[in-house]
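Below, chains carry the letters A, B, ... as their sequence lines are ordered, and counting in each starts from 1. Please read these numbers as outputs of a predicted model, since none were measured by experiment. Scope of the values below: all heavy atoms of this structure, side chains included, with no hydrogens, waters or symmetry mates.
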Number of protein chains: 2
Amino acid sequence: MTTAEETAGEAQPWGEVTPDAARRLLVAAVEAFAERGYHATTTRDIAGRAGMSPAALYIHYKTKEELLHRISRIGHEKALEILRVAARREGSATERLADAVSSFVRWHAGGRTTARVVQYELDSLGPDARAEILALRRRVDAEVRGIVEDGVASGEFDVADVQGTTLAVLSLCIDVARWFNVDGPRTPEEVGELYAGLVLRMVGAGR
Amino acid sequence: MTTAEETAGEAQPWGEVTPDAARRLLVAAVEAFAERGYHATTTRDIAGRAGMSPAALYIHYKTKEELLHRISRIGHEKALEILRVAARREGSATERLADAVSSFVRWHAGGRTTARVVQYELDSLGPDARAEILALRRRVDAEVRGIVEDGVASGEFDVADVQGTTLAVLSLCIDVARWFNVDGPRTPEEVGELYAGLVLRMVGAGR
DNA sequence: GCCGAAGGTGAGCGCTCGCTTAGCGCGGAC
DNA sequence: GTCCGCGCTAAGCGAGCGCTCACCTTCGGC
């Protein structure tokens, strides 16, 4: 039901997917997977949302799972890039962590449709695709852990369990995709600001 | 594959479900839903895990969805009870919040099988069942918010956005069910302790 | 003007799904 | 001993699934 407006919240989404018909199918799949879940979505539903016949899907994708795989990889790459930009900018560890959390949360809230699929449908992938995505997740974890370690080294942060705290920070951000409601009282920007402040407290910044 | 050991981590699970055959089916459904998700689980799989024929399921439950509904209600009631006990014990808001978080997290980590179904398969319920469960969730939220409000009133906590912070605390705890791994490096007790400390920092306790 | 490739459709295959139905075995009442 | 009723099974129904196949259109190159 929401085709243009909701996905427009994401910055130029899926621009790298060509040709046009393949992108329309992929966008339709993202919406359907986010609404109903991978297993509850039919190939007929995806094709119908894209305005095509059921058979058209198989011209551009070998299986329904390949669609999920493509969505998941592109989404994880986008998430990783967001964190890489925040981690590599100039500034203190405090500033970089706040930036990382607020932009990561904005992505999960604003692009909730995509983020839901990316974060919660991993188990529906086969072993090989799943392993590839898990490797991307470890790089996501490493980016955040790097900032936390920098802050501990510089004395800005006070963290006893770096790995556990990093896990908690990422977990907090990712779960936004589960509960965030576009019609709710908060904008993605507001949640990003709130969460950045909470995370700085979690790492003991500014004590 | 894991029948006795994993569910044994939960305290006397599903003791209220009778008769015995109905309980065995329900436990089998919890395991299957947690492993594969509701839509990817077949009624034949559930019956098979319980050592019965596919038709046996329909003697005790009207539909597959009724199984999920029962699991979800019992699970939410258990979660709510855990928080009620922590919220109503004697002690400062700081002590009660730490208790609530650590016991809530222990439940999500130790009973990850159940918690996964309870927290992540809500969308697979029909509108009526879903509305009933959402009412239980609001009560869960109210319990935690009550503790946070008490802490703010007594001056123990420093929280600008009580509702938003409560949401974040619950979100952090719930997401444990997604990432916790029984074979991982941490016990449920360790995660509970770690998270209680992080949450106290989030609410600005002991500054 | 003709041709081949690319991109699409309508029909439908084989299969498995949730669920139903007819009937079997067996323990307790009398 | 007989019979009832409960708990269960074997078999299978109609429907909808992922996916395929034979065929049709459109269009750039020559």
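- Against DNA chain D, the stretch residues 52-62 of chain A makes heavy-atom approaches under 4.0 Å through A/Ala55, A/Tyr58.
- A parallel orientation is assigned to the rings of B/Phe104 and B/Trp107, their planes being inclined by less than 30° (bins at 30° and 60°).
- A/Arg23 and A/Asp20 are joined by a salt bridge, as a carboxylate oxygen and a charged side-chain nitrogen come within less than 4.0 angstrom of each other.
- Under a 4.0 Å N-O distance rule, the pair B/Asp161/A/Arg186 qualifies as a salt bridge.
- Geometrically, A/Lys64 does not engage A/Tyr58 in a cation-pi contact, judged by NZ or CZ lying under 6.0 Å from the ring centre and within 45° of the ring axis.
- Between B/Asp123 and A/Arg178 no salt bridge is recorded (no basic side-chain N to carboxylate O distance below 4.0 Å).
- One can place CG of B/Leu25 at 13 Å from P of D/dG7, the figure rounded to the nearest angstrom.
- Taking every nucleotide of DNA chain C with any atom under 4.0 Å from a non-hydrogen atom of chain A, the first and last of them, 5' to 3', are C/dG8 to C/dG12.
- Using a 4.0 Å cut-off between a side-chain N of Lys or Arg and a carboxylate O of Asp or Glu, B/Arg49 and B/Asp45 qualify as a salt bridge.
- Rounded to an integer number of Å, the gap from CZ of A/Arg44 to P of D/dA15 is 14 Å.
- With B/Arg145 as the partner, the side-chain contact (heavy atoms from CB on, under 4.5 Å) test is satisfied by one option alone out of B/Asp150, B/Thr166, B/Val140: B/Thr166.
- The residues A/Glu143 and A/Arg139 are annotated as not salt-bridged, no charged nitrogen and carboxylate oxygen being separated by less than 4.0 angstrom.
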